[in-house]
S.K.: 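Below are the structure tokens for one structure; questions will follow.
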Amino acid sequence: MILIKTYITIKKNYQHELIIKKSRFITHLARVDTVLKAENFIQQIKKQEAAATHNCSAYLIGERNQYQHANDNGEPSGTAGVPMLQTLQQMQVQNVVAVVTRYFGGIKLGSGGLIRAYRNSVSQAINAVGRVRGIPKQELIITINYKQLDILQYWLQQEQLPLQNIAYTEHVTVTTLVSPNQVSTVKTTLNNLFHAQLPIKLGTTTFQEVPLADD
């Protein structure tokens, strides 16, 4: 099955800290693809930051964001988990869990201050680590003889197609990635280039992640 939906997520797991009126807000971000992994991450941070005043959490998981979670962990209702979740939604990231650890600094922030603090903690952490867009790609596995290798490599370079893998046996097997809608065109172009019907097989479908331009 060809994957056709793109997604946006964070580049990698990350930790970021803000000091707001002497309170420490430590945001822990992680890439997850199941609710179980998200819940395990939340529990891991709670154990790691057991001395904290609060460990509030939120996550968005699934192709349609069908699994959503927000928890205030003792903060006034609606001042932590929901603003965190709304920030994940507004920044369009998927399959991400956020835990914001708060060490109370002695100055109360009020409901509005808490909402801003938790929202800013998550947004600044995401901006700091950066986001990537996952673009669907199809593996093409091309078999050629050794004399044809230089021509193929040059063509891939000119077309800005990655050389994902190369295997040397009796023949040379080259794996590249193309957009799903390019498969037919690439096959036709290569067959014309080499004046032959090259053995070209479809490999797995995957995603290639590229940084978002605004990060």
S.K.: To the nearest 0.5 Å, what is the distance between OH on Tyr118 and CD1 on Ile20?
M.R.: 9.5 Å

S.K.: Tell me the side-chain hydrogen bond (donor to acceptor under 3.5 Å, both in side chains) pairs involving residues 106-117, sequence neighbours left out?
M.R.: none

S.K.: Gln68 and Gln89: side-chain donor and acceptor closer than 3.5 Å?
M.R.: yes

S.K.: Can you name the closest pair of heavy atoms from Asp72 and Ser77 and give their distance?
M.R.: OD2-CA, 3.4 Å

S.K.: So, does Ser179 use its side chain to make a donor-acceptor pair with the main chain of Asn181 at under 3.5 Å?
M.R.: no

S.K.: Which atom names give the shortest non-hydrogen contact between Ala125 and His16, and what distance separates them?
M.R.: CB-CB, 3.7 Å

S.K.: Identify the heavy atoms of Asn191 and Leu198 that sit nearest to each other, and give their distance.
M.R.: OD1-N, 2.7 Å

S.K.: For the CG atom of Asn120 and the OG1 atom of Thr87, what is their distance to the nearest 0.5 Å?
M.R.: 8.0 Å

S.K.: Given the rule that I, L, V, M, F, W and Y join up when any side-chain heavy atoms are under 4.5 Å apart, are Val93 and Leu212 in one cluster?
M.R.: yes

S.K.: Is the backbone N or O of Ser121 less than 3.5 Å from a side-chain atom of Gln124, with the two atoms forming a donor-acceptor pair by type?
M.R.: no

S.K.: After noting the C-alpha distance and the side-chain angles of Leu163 and Thr175, does the key distance pass the side-chain contact (heavy atoms from CB on, under 4.5 Å) rule?
M.R.: CA-CA 6 Å; Leu163 200 164; Thr175 303; over 6 Å; no

S.K.: Supply the atom-to-atom distance Lys187 NZ to Gln182 CD, rounded to the nearest 0.5 angstrom.
M.R.: 13.5 Å

S.K.: Could you walk me through whether Asp33 and Ile61 satisfy the side-chain contact (heavy atoms from CB on, under 4.5 Å) test, starting with their C-alpha distance in whole Å, then the side-chain angles of each, then the deciding distance to 0.1 Å, before giving a yes or no?
M.R.: CA-CA 6 Å; Asp33 54 12; Ile61 298 173; 5.7 Å; no

S.K.: Looking at every heavy atom in both Leu114 and Pro76, which two are closest together, and how far apart are they?
M.R.: CD1-CD, 3.7 Å

S.K.: Is it the case that the side chain of Asn13 and the backbone of Arg31 share a donor-acceptor pair, with hydrogens and angles ignored and the cut-off at 3.5 Å?
M.R.: yes

S.K.: Given Ser57 and His69, is the side-chain hydrogen bond (donor to acceptor under 3.5 Å, both in side chains) satisfied, shown in steps?
M.R.: CA-CA 8 Å; Ser57 55; His69 161 93; 2.8 Å; yes

S.K.: Strictly distance-based, threshold 3.5 Å: is any side-chain N or O of Ser23 a donor or acceptor partner for the main-chain N or O of Gly105?
M.R.: yes

S.K.: Give a yes or no on whether the backbone of Pro162 and the side-chain of Thr176 come within a donor-acceptor separation of less than 3.5 Å.
M.R.: yes

S.K.: With a 3.5 Å cut-off and no angle check, do the side chains of Glu209 and Tyr7 form a donor-acceptor pair?
M.R.: yes

S.K.: Supply the atom-to-atom distance His171 NE2 to Ile142 CD1, rounded to the nearest 0.5 angstrom.
M.R.: 15.0 Å

S.K.: Check whether more than 12 heavy atoms from other residues, nucleotides or ligands sit under 6.0 Å from atom CD of Gln158, and answer yes or no.
M.R.: yes

S.K.: Once you measure the plane-to-plane angle for Phe41 and His28, does it fall in the parallel (<30°), tilted (30-60°) or perpendicular (>60°) bin?
M.R.: perpendicular

S.K.: Taking Arg102 first and then Glu75, would you say they form a salt bridge - that is, a charged N and a carboxylate O separated by under 4.0 Å?
M.R.: yes

S.K.: Could you point out which residue of Val183, Leu177, Leu161, Leu190 forms a side chain to side chain contact (heavy atoms under 4.5 Å, CB included) with Leu140?
M.R.: Val183

S.K.: Hey, quick one: are Trp155 and Ile151 part of the same hydrophobic cluster, counting side-chain heavy atoms closer than 4.5 Å, chains of contacts allowed?
M.R.: yes

S.K.: Is there a donor-acceptor pair closer than 3.5 Å between any side-chain N or O of Arg119 and the backbone N or O of Ala80?
M.R.: no

S.K.: Indicate yes or no: does Glu63 engage Lys5 in a salt bridge with an N to O separation below 4.0 Å.
M.R.: no

S.K.: If Ile, Leu, Val, Met, Phe, Trp and Tyr residues are connected whenever their side-chain heavy atoms lie under 4.5 Å apart, and connections chain through other members, are Tyr14 and Leu18 in the same group?
M.R.: yes

S.K.: Using the rule that two of Ile, Leu, Val, Met, Phe, Trp, Tyr join whenever any of their side-chain heavy atoms come within less than 4.5 Å, decide whether Val100 and Ile45 are in one cluster.
M.R.: no

S.K.: Please check this pair: side chain of Asn95 against backbone of Gly62, looking for a donor-acceptor N/O pair closer than 3.5 Å.
M.R.: yes

S.K.: Do any N or O atoms from the side chain of Gln48 and from the backbone of Lys46 form a donor-acceptor pair under 3.5 angstrom?
M.R.: no

S.K.: Going from CG on Leu29 to CD1 on Ile126, what distance comes out if it is rounded to the nearest 0.5 angstrom?
M.R.: 5.5 Å

S.K.: So, His54 and Thr101: side-chain donor and acceptor under 3.5 Å apart, yes or no?
M.R.: no

S.K.: Passes side-chain contact (heavy atoms from CB on, under 4.5 Å), Asp150 versus Gln153? Steps please.
M.R.: CA-CA 5 Å; Asp150 287 344; Gln153 286 181 309; 3.9 Å; yes

S.K.: I'd like to know if Val82 and Val122 are part of one continuous hydrophobic network [Ile/Leu/Val/Met/Phe/Trp/Tyr, side-chain heavy atoms within less than 4.5 Å].
M.R.: no

S.K.: Roughly how far, to the nearest 0.5 Å, is the NZ atom of Lys137 from the CD1 atom of Ile135?
M.R.: 6.0 Å

S.K.: Who pairs with Glu39 by side chain to side chain donor-acceptor pair (under 3.5 Å), at least two apart in sequence or on another chain?
M.R.: Tyr59

S.K.: Give me the atom names and distance for the closest heavy-atom approach of Thr6 to Gln94.
M.R.: O-OE1, 4.3 Å

S.K.: Would Ile10 and Val132 satisfy side-chain contact (heavy atoms from CB on, under 4.5 Å), going step by step from the backbone distance to the final call?
M.R.: CA-CA 6 Å; Ile10 56 175; Val132 291; over 6 Å; no

S.K.: How close do Gly81 and Ala58 get, heavy atom to heavy atom, and via which atoms?
M.R.: O-CB, 3.8 Å

